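The structure under discussion appears below in the form of structure tokens.
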Amino acid sequence: MSVSSLNRHFRAVTAMSSLQYQKQLRLQKARIQLIAASHDVAAIGHAVGYDSPSQFSREYRRMFGAPPGQDAARLQTAVIVQE
């Protein structure tokens with residue numbers, strides 16, 4: 001299978017490019033790590049594959065609607081309230 005054919009099939013199944021899919025997986029993994037333990041946001045960004053903390057924060061905000069620190073605090077509070 002050619003690269004272009006693989007990319008076309010991938011997009012047909014996932015409705016996104018392979019790069020977008022990889023980015024989404026990285027950001028979801030970062031969100032889980034932020035909720036599980038309140039580590040340094042930059043360290044978590046680096047752990048999931050981002051070299052630049054500002055790029056990580058910008059892409060995280062674009063996907064989840066809030067900066068990583070604020071989103072993690074909101075989600076941690078929501079988990080505590082439900083328990």
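None of the values given here were measured: they were computed from a predicted structure. For the single chain, residues carry numbers from 1 onward in sequence order.
- The line from CD of Gln22 to CG of Leu27 is 10.5 Å long, rounded to the nearest 0.5 Å.
- Residue pairs meeting the salt bridge (Lys or Arg N to Asp or Glu O under 4.0 Å) criterion with at least one partner in residues 11-25, sequence neighbours excluded, are Lys23-Glu59.
- Going from atom CG of Asp40 over to atom NE2 of His46 covers 11.5 Å, rounded to the nearest 0.5 Å.
- Every side-chain hydrogen bond (donor to acceptor under 3.5 Å, both in side chains) that Ser52 has, sequence neighbours left out, goes to Ser54.
- The closest side-chain heavy-atom distance from Arg61 to Gln70 is not below 4.5 Å.
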Checklist entry - Val41 and Phe56: side-chain contact (heavy atoms from CB on, under 4.5 Å), yes or no, with the steps? => result CA-CA 9 Å; Val41 171; Phe56 168 66; 3.6 Å; yes
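- Applying the side-chain hydrogen bond (donor to acceptor under 3.5 Å, both in side chains) rule to Ser17 yields the partners Gln20; only residues at least two apart in sequence or on another chain are considered.
- For Arg26, the salt bridge (charged side-chain N to carboxylate O under 4.0 Å, His left out) criterion is met by no residue, not counting sequence neighbours.
- Shown here for Gln76 and Ile35, the closest heavy-atom pair between the two residues is NE2-O, 3.1 Å.
- When all heavy atoms are compared, the tightest approach of Asn7 to Ser18 is OD1-OG, 4.3 Å.
- When all heavy atoms of Asp71 and Ala66 are compared, the closest pair comes out as CB-CB, 4.2 Å.
- Between atom CG of residue Leu34 and atom CG of residue Leu75 there is a gap of 9.0 Å, rounded to the nearest 0.5 Å.
- When hydrophobic side chains of Ile, Leu, Val, Met, Phe, Trp and Tyr are connected at separations under 4.5 Å, Leu25 ends up clustered with Phe10, Met16, Tyr21.
- Shown here are the side chain to side chain contact (heavy atoms under 4.5 Å, CB included) partners of His9, two or more places apart in sequence or in another chain: Met1, Ser5.
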